[in-house]
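A quick write-up on the structure given underneath.
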Number of protein chains: 2
Amino acid sequence: MARPKARASLSKDEIVDVALGLIAEVGVDQLSMRQLSDRLGASLGATNRHVPTKEALLALCGRALYERSYRPRGPEDDPLDWVREQLVTLHELLISHPGMATYVVNQPDLVTPELVAAVQESLIDAGLSEAEADAARLVLYFYSAGVLVTDSAALLSAAGLSDPGVMFTAGIDYILRAGARVH
Amino acid sequence: MARPKARASLSKDEIVDVALGLIAEVGVDQLSMRQLSDRLGASLGATNRHVPTKEALLALCGRALYERSYRPRGPEDDPLDWVREQLVTLHELLISHPGMATYVVNQPDLVTPELVAAVQESLIDAGLSEAEADAARLVLYFYSAGVLVTDSAALLSAAGLSDPGVMFTAGIDYILRAGARVH
DNA sequence: ACCTGAACACCGTTCAAGT
DNA sequence: ACCTGAACACCGTTCAAGT
């Protein structure tokens, strides 16, 4: 009797795509390499050959999610609006992929020199001094990381605030306003 | 032949204590209920009777860690210094318990009304308006959450910054300075 | 009431054997 | 080169049986 024919041409990209779909449904905690392999129509060993470890897969998923949300700043874009939009988009994407935030936030090289430059430029365009912009970037980064990584729904009701988007933006505005006040 | 005599008086507090010790050694990811039970000198079933689930145990550990770091503000304390000290202490405690940050940060009721009041008071003492203090608290909370949850070591080298403590404080100062500028 | 020991239903990772 | 199937060494959770 013939063996079940081997599923052909399994690729890293496809694994990441399907994994993200599964994560959107059940969350990172419930993702298993077996279930993922089932959905891929491949064997457990097969997916493990393309992706060395589950942790590595999640890191790849984190990158993919980030790249999906990233939109380079065009000349049309208001600098502050662009920063805000980038963060809000990423936030929404992460909310629909429960448990993924850690794997985006803990990936230092996602913050490319180009991104740093673009944000810095936006902040200076918005009236911050160079030193203020440096500090603002630091705070902005970790503030965003905090919001992304925290289950905001639960925390909002505790803080008595209305909806996540509003809160997120309010914080960003405080940070930007703050630096801009100096002139 | 007699059964091994049952270990007596296992308590929730002891479980949390030993768990935190183990986490300090191996991190949350490597903590297993079996290893924990071994160290407690109890059986797996025994510890599971006091703590319904591993997730629940980690939540308890998060609380415990937070409570260890919390020191109420005395009349001697400079308000801003107090806020800074609270955050830095917690930061250090979390660094020595890898993986625990999530379980501290995602626990809304840890932010008690008393704590909110104390921070708010400190901020106003420091010269912020009430509205500014509200915003500052929001940013402060998530900024801290971001720092706590992020593996700062890796990110620091990426950001070209010196040591975590300095960076942490720099951010806090930016946030506080910002609000204070208004008058 | 509280503990033990064993079972259950899963995991992630590895690897010979196949094509 | 790439896949399958099975094994290995773990997990967390549950629960009868003991004291």
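The structure presented is a predicted model; accordingly, all values stated were derived computationally and were not measured. Naming convention: chains lettered A, B, ... in sequence-line order (proteins, then strands); numbering from 1 in each chain.
- At least one side-chain nitrogen or oxygen of A:H50 sits closer than 4.0 Å to the OP1 or OP2 atom of D:dC3.
- Per the geometry, CD belonging to B:E14 stands 14 Å off P belonging to C:dC2, to the nearest Å.
- Using a 4.0 Å heavy-atom criterion, one finds that B:S43 contacts the bases of the nucleic acid, with or without backbone contacts as well.
- Annotation for B:V28 and B:K54: closest pair O-NZ, 4.2 Å, computed over non-hydrogen atoms.
- The pair A:R68-A:D17 meets the salt-bridge criterion, since a charged nitrogen lies less than 4.0 angstrom from a carboxylate oxygen.
- Rounded to an integer number of Å, the gap from CG of B:L58 to C1' of D:dC11 is 14 Å.
- A straight line from CG of B:L40 to P of C:dC2 spans 16 Å, rounded to a whole angstrom.
- Closest-nucleotide positions on DNA chain C for B:L10 and A:A46 were compared, and the one nearer the 5' end corresponds to B:L10.
- Salt bridge B:E25/B:R39: present, at least one basic N to carboxylate O contact under 4.0 Å.
- Straight-line distance from the CZ atom of B:R34 to the C1' atom of C:dA7: 11 Å, rounded to whole Å.
- Counting non-hydrogen atoms under 4.0 angstrom, B:L36 reaches nothing in the nucleic acid.
- Note on A:L31: only backbone sugar-phosphate atoms sit closer than 4.0 angstrom, heavy atoms only; bases stay farther off.
- Taking atom NZ of residue B:K12 and atom C1' of nucleotide C:dA1, one finds them 16 Å apart after rounding to whole Å.
- B:R49 places its CZ atom 15 Å from the C1' atom of D:dA17, with the value rounded to the nearest Å.
- With both pairing distances under 3.5 Å, C:dA1 is matched to D:dT19 as a Watson-Crick or G-U wobble pair.
- Following rounding to the nearest Å, A:M33 (CE) and D:dC8 (C1') show an atom-to-atom distance of 17 Å.
- Nucleotide D:dG12 holds its C1' atom 13 Å from the CG atom of A:D29, rounded to whole Å.
- Separation of the A:Y143 and A:F168 ring centroids falls under the 6.0 Å cut-off.
- The pair B:D125-B:R73 counts as a salt bridge, with a side-chain nitrogen and a carboxylate oxygen less than 4.0 angstrom apart.
- Here C:dT14 sits opposite D:dA6 as a Watson-Crick or G-U wobble pair (both hydrogen-bonding atom distances under 3.5 Å).
- Counting any heavy atom pair closer than 4.0 Å across all strands shown, A:L44 reaches a base atom.
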